[in-house]
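Reviewing the structure listed below.
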Amino acid sequence: MDLHFTPEQEQFRRELRAWLDANLERSWTEETRDPNHDADSLVELRRVWQRKLNAARYIGMGWSEEWGGRGASEVEEAILQEELTRADAPQVPNFLGISLLGPALIHHGTEEQRRRFIPKMLNCEEIWCQGFSEPSSGSDLASLRTRAEPDGDDFRITGQKVWTTFGPWADWIFVLARTDMDDRYGGISFFLVPIDQDGVEMRPIRQITGESEFGEVFFDGALAKREHLVGELGEGWRIAMTVLGYERGAATLAKPAEYDVQLDGLVAGLRASGKLDRPDVREQLGRLVIENEVMRSNGLRTLAQLASGHAPGPESSIEKIFWSEYAQRLSDSALDLLGPEAQLATRAQKTGSDVDWAYQYLWSRAGTIYSGSSEIQRNIIAKRVLRMPTA
Amino acid sequence: MDLHFTPEQEQFRRELRAWLDANLERSWTEETRDPNHDADSLVELRRVWQRKLNAARYIGMGWSEEWGGRGASEVEEAILQEELTRADAPQVPNFLGISLLGPALIHHGTEEQRRRFIPKMLNCEEIWCQGFSEPSSGSDLASLRTRAEPDGDDFRITGQKVWTTFGPWADWIFVLARTDMDDRYGGISFFLVPIDQDGVEMRPIRQITGESEFGEVFFDGALAKREHLVGELGEGWRIAMTVLGYERGAATLAKPAEYDVQLDGLVAGLRASGKLDRPDVREQLGRLVIENEVMRSNGLRTLAQLASGHAPGPESSIEKIFWSEYAQRLSDSALDLLGPEAQLATRAQKTGSDVDWAYQYLWSRAGTIYSGSSEIQRNIIAKRVLRMPTA
Amino acid sequence: MQFDLDEDRALLKSSTRELLEKESALADARTVIEESAEGYDKALYAQLGELGYGSLLLTEDEGGMGVLAFAAVLEEMGRVAFPGPFLDLALAVRLLSQSEAPEAAEWAERAAAGEALVVLARLDATSGSPTRFTGGRVQGTKRFVPFGAHADALLVETGEGLVLVPRPGAGWNAVAQPTIDHAQRFAEVRFDDAGSLVAASDAARTLLEDADRLGAIGASALLLGLMDRSLELTVAYTMEREAFGAPIASFQALQHRCADGLLQTESTRSAVYRAAWAADETPDDAGFLAAVAKAWAGPAARYVCGQAIQLHGGVGFTWEYDPHVYLKRVKTLEQFYGATRDQLENALQSRGL
Amino acid sequence: MQFDLDEDRALLKSSTRELLEKESALADARTVIEESAEGYDKALYAQLGELGYGSLLLTEDEGGMGVLAFAAVLEEMGRVAFPGPFLDLALAVRLLSQSEAPEAAEWAERAAAGEALVVLARLDATSGSPTRFTGGRVQGTKRFVPFGAHADALLVETGEGLVLVPRPGAGWNAVAQPTIDHAQRFAEVRFDDAGSLVAASDAARTLLEDADRLGAIGASALLLGLMDRSLELTVAYTMEREAFGAPIASFQALQHRCADGLLQTESTRSAVYRAAWAADETPDDAGFLAAVAKAWAGPAARYVCGQAIQLHGGVGFTWEYDPHVYLKRVKTLEQFYGATRDQLENALQSRGL
């Protein structure tokens with residue numbers, strides 16, 4: 001057992017920190033509180049930030065040099081995400097493109113597809129969004145009904161996708177669509193579709209936070225060219241599932257780092273209000289602190305497993321459940337402990353604790369739903385890890 | 001809305017209290033701590049206590065005068081149970097006979113059966129136990145496999161029953177047995193079987209508390225006479241389900257009274273150890289106090305519904321879940337709050353709080369399992385109250 | 001014993017439901033919440049005033065129907081997330097009607113009629129001196145004054161007692177304090193205004209204790225309505241929504257959480273109605289029971305309305321669907337009118353602990 | 001980075017499992033727990049001593065294998081609810097071996113070899129004066145001394161430091177303190193006995209802090225083993241047990257609780273091994289991580305082992321089936337070696353809060 005980072009990894013972290021010090025001018029929290037910003041200018045800021053990161057070769061780090069990467073390991077990727085979180089850097093607009101589509105193209109795409117799409121994805125000339133979920137297939141993704149019908153050499157896509165993060169600003173969407181209505185898994189194919197065309201309508205979805213970071217997309221005979229089919233016909237499900245697995249590890253250190261920042265804010269608020277010495281408050285705070293540290297321990301373990309060549313299995317469901325439910329406990333407790341000031345509206349006013357608690361409280365509701373709800377994750381653990389039978 | 005008891009009910013309570021003052025010499029807690037007692041002498045003490053209660057016409061109070069009762073309402077029955085609990089009186093050995101078999105005989109038995117069994121049940125000349133559950137049919141009671149086969153006019157019973165409370169001291173057992181293997185519900189009949197015969201073997205089951213209040217019974221061609229069949233052949237399931245419904249209401253006030261006694265003990269212990277002023281302790285204590293009061297509010301509501309002629313429906317599942325899970329939270333918190341002394345072994349030593357916490361902690365584990373586990377209760381609420389569909 | 005409401009109150013409750021469903025269905029309520037400046041429909045409040053709702057919380061002798069009737073109405077208001085200061089206004093009316101100060105009766109009448117908005121201003125600003133009443137003027141700053149910016153008069157808690165401050169000619173020196181709950185309009189109000197004492201310190205304390213107790217019961221009744229309707233919406237949604245070829249309502253894990261929701265909701269009902277009935281009938285234990293109801297209702301509603309979002313899945317996280325309106329209301333109501341932690345302490349203290 | 005144990009420790013762990021499964025399967029452990037006077041198998045402890053387990057917790061320089069190896073062994077002991085003072089003995093050995101007092105080395109050796117039972121006596125009686133060491137004698141009363149009645153020597157915490165008291169000729173003046181956990185044998189010991197100082201106040205404090213930390217890690221490792229095995233037993237039982245025509249393992253509500261059990265158990269594993277590794281390798285944050293591990297492991301084990309009883313249904317409540325053995329051990333371990341509440345406070349303090 002060895003939880004030390006290697007000297008090279010430590011060196012990577014030091015360089016990254018220095019780079020962030022030099023290049024990140026304002027934290028994301030400050031940006032979002034700046035009344036001169038609107039949703040569009042914030043996206044533009046993120047685009048510029050991604051270009052900076054890309055120029056410094058921090059985007060797609062795990063890919064080979066040929067595709068702009070450095071062949072970095074999962075550990076370095078995790079360090080990158082941890083440091084970006086600690087520094088409160090903006091999230092890059094193409095994070096779904098980078099984490100899902102990039103690997104899909106590298107492993108399953110054609111040479112032409114890689115050349116055409118990867119560079120513009122990396123430097124954010126084109127923003128990508130993901131077209132997997134549909135209004136009536138969320139948890140049960142394979143029940144999707146959007147269909148792609150042949151039209152000459154090409155395809156025409158009809159149906160509806162939803163929860164497309166960054167959809168309202170995206171140029172392209174990668175879509176799972178049905179090319180065979182009868183084959184549940186084998187009838188799904190993977191297409192790249194430009195959004196700026198007749199037959200594609202993108203509507204923003206307003207979230208409970210008041211923002212509209214998601215969209216829903218209506219396809220009405222939208223054109224998907226044959227050359228923009230990824231893999232073979234009917235390989236879409238397999239590609240999607242493989243690629244979802246590549247997300248592994250990246251968030252293992254970033255999540256506890258994110259909650260450390262929030263915990264520091266909570267402590268500051270409690271200190272300011274003179275409550276930090278109350279035993280009831282300390283007990284609740286202590287629990288939040290140790291839970292986050294246990295989460296970090298799980299993360300280090302996953303990372304160590306990856307580093308020694310073990311693929312993490314469905315145990316990653318444990319991490320998903322843990323961080324998403326913890327985030328709810330944390331913001332919920334903060335609202336309780338800090339008193340009415342913590343309820344002040346999202347991103348409107350500062351509290352003594354310098355965290356937008358009301359916003360976090362609302363936003364934390366999404367984590368247990370997206371990317372496989374807590375219910376689905378528990379099903380996975382019961383069935384695939386504990387091998388409990390299906391009813 | 002009116003949660004007052006009637007003047008008659010208040011009068012009943014006053015008389016009962018006076019009677020208890022005069023007749024209950026030592027509390028049950030004191031008796032159980034008396035090293036001169038063993039399990040048998042404690043049962044004997046309970047038998048004597050039941051006779052006293054019966055002589056004062058507090059047993060089977062809801063039955064008609066013909067059968068020893070006073071035609072009392074559910075409210076009076078609830079007051080009786082509440083006061084017995086407050087006074088920490090011993091439980092009567094025939095409580096299952098009184099609450100289940102008595103009503104079964106009164107509503108479904110023959111005149112001869114009533115005359116033969118009810119008086120001896122009331123004055124505890126005969127102790128009854130219940131033979132419903134089987135090793136492989138617990139939650140799914142209707143899957144029971146003990147069978148009764150005709151033998152001339154009579155029946156021979158073969159099979160196994162389990163969780164028979166007071167079984168080790170019982171003279172008779174009322175048994176659900178299968179008279180038709182193919183009819184899930186309609187193939188079950190209700191028999192009265194003497195235990196002291198060849199073909200019946202009763203073995204005590206040791207519980208996690210170390211006591212053996214339960215038994216398991218093995219039937220190997222045990223004789224059940226035709227005259228001891230209750231109702232018609234195949235009516236057993238219907239009778240059992242009707243009779244289980246008669247339990248309604250009796251515990252509604254007794255449970256919160258029981259936990260009030262424990263809460264008083266917890267407060268005394270916290271006061272003695274100087275912890276009662278700690279905010280973390282007060283928060284936890286406060287939650288236990290208010291939860292018990294909410295339980296009492298539920299109980300008063302159920303009772304008021306009964307008093308105004310409404311039958312409580314499957315909502316009684318809410319009360320079962322509430323008290324059984326509360327009892328676990330209460331003893332668990334007490335062990336945490338009172339420190340190591342609260343862990344001292346069951347009924348061996350007193351703590352400052354004068355409650356046998358370790359015993360309560362273990363015993364509380366049973367409540368969420370017996371009489372329909374918490375899982376079954378939640379199924380009932382979902383399906384019968386909320387009308388959610390079966391998978 | 002009887003748990004059902006008597007005929008008058010049952011009729012009040014059902015006619016309130018009818019009125020609210022006609023005049024302020026959730027969709028309308030949401031329009032008011034999301035678009036109006038004041039945060040409530042003035043015309044509708046005037047109509048409620050005419051119908052006698054404004055004086056509902058007064059005793060029957062005073063022309064009201066008492067706390068139980070009030071709780072029944074608030075439950076219905078909770079169900080449709082009825083916007084505005086109904087609870088706060090009722091507390092002010094009750095308080096003013098118990099004062100012997102000459103101005104009080106008139107303001108009580110106007111407030112009850114829905115002609116004037118009067119609410120309590122309690123919480124002092126976290127920094128600065130406590131609010132004082134000296135030389136006929138109120139000086140100090142109050143935060144989280146409900147609907148304070150639009151009030152016609154404020155009942156201000158000061159070191160000297162409770163002071164009625166009519167809106168000054170130039171309007172309030174107020175800053176909006178928008179919270180997580182769009183239905184709630186708080187303001188921080190800075191006072192340097194003329195006012196008149198409606199109750200001196202001891203009398204004020206008694207009145208405010210009464211207001212605290214009724215505020216707790218009222219907020220609990222709102223929470224009851226919110227969680228009751230939220231559970232209904234959730235169960236209905238799970239019946240419609242299909243996954244893996246079956247309505248998700250058939251999945252046991254979801255069933256058990258809905259069952260827990262029912263347990264929480266029905267237990268809240270028992271606690272709230274008992275506390276409200278006690279406030280009318282057995283005042284000795286009403287303080288304890290009010291604390292019990294509020295300490296239970298807050299976390300219960302948070303559980304039910306949080307689960308509502310979870311069980312709605314993706315759409316539960318959208319602005320368009322309703323569950324978030326309930327969750328947000330719940331979070332604010334849980335924190336105000338005696339936060340859970342404070343009510344637990346109140347419960348212990350009223351039991352002599 | 002690597003999470004797996006290195007070869008030596010992995011071998012130690014697997015050979016410990018083999019040994020314990022052969023020599024002390026749960027059935028045998030239960031016989032010792034339920035029937036023996038001492039609460040442990042003396043011959044088996046001597047055998048463990050011969051095999052070097054007694055000095056395991058010493059550093060490699062001192063002939064041990066350190067904390068990580070120790071945790072791995074305790075996890076295995078937890079799995080079979082291995083009875084006796086193994087953890088307490090190891091703490092005493094470590095402590096004695098760090099003392100410079102002349103008697104200490106000899107006792108350390110005998111204790112490590114399984115020839116003498118030495119344990120710590122920490123908690124003063126709730127009434128009476130704190131334990132003192134004056135004029136070469138220890139005077140005072142210690143409660144909850146683990147396996148104290150059968151100890152050959154006790155390491156007594158006094159106001160003057162840590163004092164070694166060999167069993168007096170007439171035996172200890174001890175009263176058994178049986179708890180909920182039959183596997184644990186506590187005694188209250190009244191001292192008026194000759195002893196020798198093995199560490200004076202400051203040095204004693206340092207040694208005891210070390211013992212606290214290692215006790216927390218050791219207890220957490222035991223809890224890990226207990227819940228790990230308890231979950232296995234439970235999942236296996238739900239696969240066998242049928243209701244309504246299907247194995248109860250197919251019911252989603254039960255599946256989700258087992259899934260939560262795995263989450264709790266595997267998270268405990270991460271926390272315990274990280275803390276143990278840190279105690280060997282990065283002592284600066286080992287105190288914090290030990291507090292984290294213990295504060296997490298207690299409630300986690302209580303959840304898993306409590307659910308084990310619930311999911312076993314009726315048989316879970318019997319003496320015959322094993323789940324209660326685990327639950328009882330868990331409750332005691334949760335309360336001792338730093339109760340959850342105290343470890344939460346330790347965690348905050350070690351973070352400077």
Side-chain angles (χ1 to χ4, degrees), chain A residues 133-143 162-163 205-212 214 216 272-274 278 280-281 284 325 328 332 335-346 348-349 352 357-359 361-370 373-376 378-379 382 390-391, chain C residues 34 123 125-127 143-144 175-182 184 186 188 240-246 248 250-254 257 298-299 302-303 305-325 327-328 331-332 334-336 339-342 344-345:
Chain A
S133 294
E134 299 183 6
S136 53
S137 20
S139 290
D140 181 12
L141 183 57
S143 70
V162 74
W163 319 128
I205 297 177
R206 196 167 177 208
Q207 303 149 214
I208 68 176
T209 55
E211 303 161 311
S212 298
F214 300 155
E216 54 187 338
S273 61
R278 282 177 45 168
D280 55 336
V281 170
Q284 211 168 333
E325 298 188 350
Q328 292 179 358
D332 203 14
L335 286 184
D336 285 349
L337 293 172
L338 292 170
E341 269 71 18
Q343 296 211 6
L344 288 172
T346 60
Q349 302 196 26
W357 286 114
Y359 178 84
Y361 181 71
L362 295 176
W363 178 247
S364 74
R365 295 284 148 186
T368 53
I369 297 169
Y370 70 61
S373 67
S374 290
E375 290 76 16
I376 293 293
R378 290 191 166 86
N379 287 348
T390 300
Chain C
E34 291 166 29
L123 281 179
T126 44
S127 58
R143 58 201 173 109
F144 294 106
V175 180
Q177 292 189 297
T179 65
I180 199 170
D181 176 16
H182 294 262
Q184 184 59 274
F186 287 117
E188 186 168 279
E240 271 167 31
R241 174 79 186 178
E242 298 207 348
F244 306 103
I248 62 175
S250 66
F251 297 141
Q252 195 190 28
L254 272 61
R257 273 187 276 157
R302 180 150 46 99
Y303 175 79
C305 298
Q307 284 297 325
I309 290 189
Q310 182 69 22
L311 299 188
H312 274 78
V315 300
F317 193 65
T318 63
W319 190 273
E320 179 190 349
Y321 278 67
D322 297 318
H324 73 102
V325 178
L327 184 72
K328 289 168 178 174
K331 195 71 202 173
T332 293
E334 189 188 0
Q335 182 75 49
F336 291 91
T340 303
R341 200 175 288 264
D342 299 327
L344 292 173
E345 181 61 33

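In what follows, every heavy atom counts, from backbone to side chain, and hydrogens, waters and symmetry copies are set aside. So that the names make sense, note that chain A is the first sequence line, chain B the second, and so on, each numbered from 1.
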Response to the item:
Interatomic distance, CD@C/Glu320 vs CD1@A/Ile205, rounded to 0.5 Å, equals 8.5 Å
Discussion item. Could you tell me if the side chain of C/Phe317 sits less than 4.5 Å from the side chain of A/Phe214, heavy atoms only?
Written reply: yes
Worksheet item: Under a 4.5 Å heavy-atom cut-off, does chain C meet the side chain of A/Leu141, its backbone, both or neither?
Response: neither
Worksheet item: Under a 4.5 Å heavy-atom cut-off, does chain C meet the side chain of A/Thr368, its backbone, both or neither?
Response: both
Worksheet item: Do C/Phe144 and A/Gln343 come close enough that some side-chain heavy atom pair is under 4.5 Å?
Response: no
Worksheet item: With only heavy atoms counted, which part of C/Tyr321 is less than 4.5 Å from chain A, the side chain, the backbone, both or neither?
Response: neither
Response to the item:
One should read off an interatomic distance between C/Gln177 CD and A/Glu341 CD, to the nearest 0.5 angstrom, of 7.0 Å
Worksheet item: Is a side-chain donor or acceptor of C/Lys328 paired with a backbone partner of A/Ile208 at a separation under 3.5 angstrom?
Response: yes
Worksheet item: Considering all heavy atoms of both residues, which atom of C/Gln335 and which atom of A/Leu335 are nearest to each other, and what is their separation?
Response: OE1-O, 3.1 Å
Response to the item:
Cut-off 4.5 Å, heavy atoms of chain C, and the answer for A/Glu216 is neither
Worksheet item: Where does C/Ala339 contact chain A at under 4.5 Å (heavy atoms): side chain, backbone, both or neither?
Response: neither
Fill in: Donor-acceptor under 3.5 Å (A/Asp140 side chain, C/Ala243 main chain)
no
Worksheet item: Are any non-hydrogen side-chain atoms of C/Thr340 and A/Asp336 less than 4.5 angstrom apart?
Response: no
Worksheet item: Can you find a pair of side-chain heavy atoms, one from C/Lys331 and one from A/Asp332, that are under 4.5 Å apart?
Response: yes
Worksheet item: A/Glu375 versus C/Leu254: any side-chain heavy-atom pair under 4.5 Å?
Response: yes
Worksheet item: Is it the backbone or the side chain of A/Ser137 that comes under 4.5 Å from a heavy atom of chain C, or both, or neither?
Response: backbone
Fill in: Pairwise distance NE2(C/His324) to CZ(A/Arg206) - rounded to 0.5 angstrom
8.0 Å
Fill in: Region of C/Leu123 that comes under 4.5 Å of a non-hydrogen atom in chain A
side chain
Worksheet item: With a 4.5 angstrom heavy-atom cut-off, which part of C/Val315 approaches chain A: side chain, backbone, both or neither?
Response: both
Response to the item:
Taken to the nearest 0.5 Å, the spacing of C/Phe244 CZ from A/Asn379 CG works out to 7.0 Å
Worksheet item: Highest number of heavy-atom pairs under 4.5 Å with chain C: which of A/Gly210, A/Pro340, A/Ala142?
Response: A/Pro340
